[in-house]
Amino acid sequence: MAENSDTKTDPVFIRIENVTKKFGSFTAVDNVSLDIGRGELFALLGGSGCGKTTLLRMLAGFEAPTSGRIMIDGQDMTGVAPFDRPVNMMFQSYALFPHMSVEKNVGYGLKHENMTDAQRKDRVRELLDMVQLTQFAARKPHQLSGGQRQRVALARALAKSPKVLLLDEPLGALDKKLREQTQFELMNIQDRLGITFIVVTHDQEEAMTLADRIAIMDRGVIRQVGTPTDIYEFPNSRFTADFIGSINLFDGTVAAIKAGKARITAPAAGCALEADTRYGLSTGDKVSVAVRPEKITISRGKPRSTAVNAVQGEVLDLGYFGKDSLYRVKLASGALVRVSKVNDQRLSEADRQVDWEDKVWLSWDARSAIVLPEERP
Amino acid sequence: MSAQDLAADNKAPAATGPGKFARWLNKDGWKRLVTGAPYLWLLVFFLAPFFIVAVISVSAAAYSIPPFTMPASWAALTENVATNFGYLIDDALYYTGYLNSLKIAANSTVLCLLIGYPMAYGIARSSGATRNILLLLIILPFWTSFLLRIYAWMGLLGNNGTINNVLVWLGIINEPIPMMNTEFAVYVGIVYSYLPFMILPLYANLERLDTTLNEAAMDLGSRPFRTFVDITLPLSLPGIIAGSMLVFIPATGEYVIPALLGRADSPMIGRVLFDEFFLNRDWPVASAVAVVLLFLLVVPIMIFNHYNAKAEGVE
Ligand SMILES: Nc1ncnc2c1ncn2[C@@H]1O[C@H](COP(=O)(O)OP(=O)(O)OP(=O)(O)O)[C@@H](O)[C@H]1O
Ligand SMILES: [Mg+2]
């Protein structure tokens with residue numbers, strides 16, 4: 001599944017080989033293999049309960065894989081205790097020590113480091129500076145806001161300059177604004193320190209913003225690995241297509257293939273479809289054609305060519321979101337198509353070009369659509 | 001009856017009758033009643049008896065029923081205080097009694113802690129079904145009368161008791177080891193009796209501790225023992241304090257265990273108190289002993305609480 005995306009040239013730093021984790025008869029992580037490069041910011045993205053935390057805990061050493069193995073920097077981690085791993089973790093709940101001050105929390109990992117008291121103090125100060133918490137050094141965790149706690153947790157996890165930092169939903173508790181700001185801080189820190197970050201999240205926007213590469217997880221299985229662009233523009237399955245962003249899907253059959261383009265008949269669309277394909281398809285295959293809402297042009301007038309990828313419908317409803325508008329268009333077949341349009345001109349409601357109940361044309365480029373193989377069960 | 005039914009019942013009197021009491025109840029009376037109950041309890045069962053004891057302790061002994069006369073004047077009162085409390089200083093019996101009690105209670109508390117902590121820890125870390133069984137086992141002794149259990153220890157520890165008999169029979173010893181009526185027996189009795197009071201609050205505390213904190217410490221390089229010292233131990237301090245108080249306070253005033261298992265020549269203060277009341281029938285001196293004991297226990301706790309609250313406030 002990862003064959004099309006592992007093009008990163010960084011040397012492999014973390015290798016997860018056929019790792020499976022079972023809790024009793026329940027498989028939380030199912031035969032996962034992943035290679036992560038040195039200095040990469042890698043995101044694990046998936047819904048609740050899909051095994052993200054479990055995978056991270058195996059990397060940190062809190063859970064042992066039922067089968068398979070994990071290599072970090074060429075070393076087999078099987079049987080290596082958490083306190084001996086070159087890995088630090090930022091916990092989903094932060095897990096700050098409630099009886100220790102911010103300073104003590106951040107410096108905790110340095111106790112075991114071979115350094116003088118003065119060096120240790122300097123290091124703590126430097127870390128607190130980095131996360132802008134110097135004036136809170138003496139406070140206890142319960143006297144901090146959620147965002148400040150999160151930064152203490154980050155500073156504490158970075159204190160020992162680990163080779164790998166595992167972050168379990170690091171920004172889960174923050175509001176949208178602070179979250180975006182912290183995302184950039186995280187990226188800056190990662191860039192500056194060159195540490196490999198593995199970030200767990202269930203927020204796709206967060207994964208897209210942060211990560212060099214993303215792995216999409218579903219029920220313990222990795223469905224796709226790739227750069228944000230790969231994942232968004234070239235999903236390899238209906239699952240990832242649907243999981244990331246919103247998308248229109250038409251089920252159909254391949255009628256003809258030529259020059260990397262497939263001709264598909266899809267009754268729901270009500271027109272001939274043509275789309276790029278990356279997969280070895282043959283005529284007669286059952287497929288879905290996927291088109292993102294923003295790649296569809298909506299107009300009252302007839303487009304230049306209506307031979308393929310052009311269909312008429314009626315605007316069912318219209319949502320105005322400031323920077324863009326979202327239309328839901330009902331086709332003759334009854335199928336609903338979502339279309340989004342950037343509001344690149346300032347128009348009052350009266351001059352709106354497309355309105356409720358208008359008859360409109362939808363059209364898109366063959367390169368903007370993608371053919372997905374039928375879902376494997 | 002569901003909570004809703006209860007709420008409906010509470011409202012009912014106000015709706016039907018314009019009773020003043022009912023209206024008061026509905027306003028904030030319930031809250032006051034509930035929060036006031038402990039204070040009432042304290043007043044009736046602690047402060048009032050203590051007041052009586054305090055009054056007797058400043059009275060003069062007399063051949064009457066009851067065997068004391070209350071002071072009629074301020075001068076009489078100060079004189080009574082001087083005599084009754086003076087006894088406690090003059091006669092070595094009293095202060096050795098106090099010291100003996102405090103020593104035995106302190107040692108027993110430490111022993112209970114050393115034995116109880118690992119047990120509480122083990123129970124808190126065990127899983128569902130096992131945990132319930134273990135907790136049940138801790139509480140099980142309470143099904144039998146306390147006195148009966150101490151008698152059982154007499155049967156176990158005596159020169160002709162089970163332990164000595166078995167040891168002699170096994171050939172490990174030739175002569176029975178004298179264990180009854182020794183300090184050792186008192187320790188056995190106190191530690192045995194009060195262990196659950198140490199384990200239960202410790203368990204309640206340890207069970208609540210977030211184990212991800214331990215994982216975080218290990219993640220930062222601490223081995224299991226270091227993790228215990230740095231994380232678990234300080235966070236279980238409230239449980240240690242609660243358990244220690246529950247053992248130390250009643251153990252200091254313990255009467256039955258030293259009376260049945262201990263030596264007669266170095267009594268604990270409970271025994272002194274008992275003798276003063278029932279053998280000497282000197283109620284005022286006995287009350288003075290009780291008052292001093294109370295202050296000995298309450299004052300350090302109050303000081304401790306004060307500093308504790310202060311420390312938390314500063315935090
Ligand atoms: N110790 C355990 N014993 C039994 N089942 C477990 C255990 N830990 C996790 N699981 C199960 O494994 C699955 C994956 O859990 P995990 O915590 O990895 O999910 P997650 O992807 O991190 O979800 P979330 O986004 O909600 O944090 C869940 O169904 C969970 O119930
Ligand atoms: Mg999780």
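We name chains A, B, ... by the order of the sequence lines, and we start the count at 1 in each one. No experiment lies behind these values; they were computed from the predicted model shown.
- Summarising the geometry, atom CG belonging to B:Asp219 is positioned 12.0 Å from atom CE belonging to A:Met90; distances are rounded to the nearest 0.5 Å.
- In this structure, A:Gln75 places its CD atom where only 12 or fewer heavy-atom neighbours from other residues, nucleotides or ligands lie under 6.0 Å away.
- Taking chain A as the reference chain and counting heavy-atom pairs below 4.5 Å, the highest number among B:Pro234, B:Ala217, B:Ser222 is found for B:Ser222.
- To the nearest 0.5 Å, atoms CG (A:Asp84) and CZ (B:Arg223) are separated by 5.0 Å.
- Taking a 6.0 Å sphere around CE of B:Met302, one finds it holds 12 or fewer heavy atoms contributed by other residues, nucleotides or ligands.
- Here the closest non-hydrogen pair linking B:Leu213 and A:Leu96 is CD2-O, 3.2 Å.
- Counting heavy-atom neighbours within 6.0 Å of A:Lys104 NZ, excluding the residue itself, gives a total of 12 or less.
- At most 12 heavy atoms of other shown residues, nucleotides or ligands fall within 6.0 angstrom of atom CZ in A:Arg219.
- Interatomic distance, B:Thr212 OG1 to A:Tyr94 OH, rounded to the nearest 0.5 Å: 13.0 Å.
- Options B:Thr227, B:Asp210, B:Ile231 differ in how many heavy-atom pairs under 4.5 Å they form with chain A, and the most are formed by B:Ile231.
- Of residues 108-120 of chain B, no residue lies under 4.5 Å from chain A by any heavy-atom pair.
- Identified under the side chain to side chain donor-acceptor pair (under 3.5 Å) test for residues 184-199 of chain B, with sequence neighbours left out: B:Asn107-B:Tyr187, B:Tyr194-B:Glu254.
- When the side-chain contact (heavy atoms from CB on, under 4.5 Å) test is applied to A:Glu103, the partners found at least two apart in sequence or on another chain are A:Ser101, A:Val124, A:Ala137.
- For the atom pair NE2 (A:His99) and CG (B:Leu235), the distance works out to 4.5 Å, reported to the nearest 0.5 Å.
- Atoms NE2 and CZ, on A:His112 and B:Arg226 in that order, are 6.5 Å from each other to the nearest 0.5 Å.
- Other residues, nucleotides and ligands contribute at most 12 non-hydrogen atoms within 6.0 Å of the CZ atom of B:Phe295.
- Counting heavy atoms of neighbouring residues, nucleotides and ligands inside a 6.0 Å radius, atom CZ of B:Phe225 does not exceed 12 of them.
- For a residue to count as touching a neighbouring chain, one of its non-hydrogen atoms must lie under 4.5 Å from one of that chain's; by this rule B:Asp230 touches chain A with backbone and side chain alike.
- Counting heavy-atom pairs closer than 4.5 Å to chain B, the top-ranked of the candidates A:Tyr108, A:Phe83, A:Phe91 is A:Phe83.
- Residues meeting the side-chain hydrogen bond (donor to acceptor under 3.5 Å, both in side chains) test with B:Glu215, sequence neighbours left out: A:Arg57.
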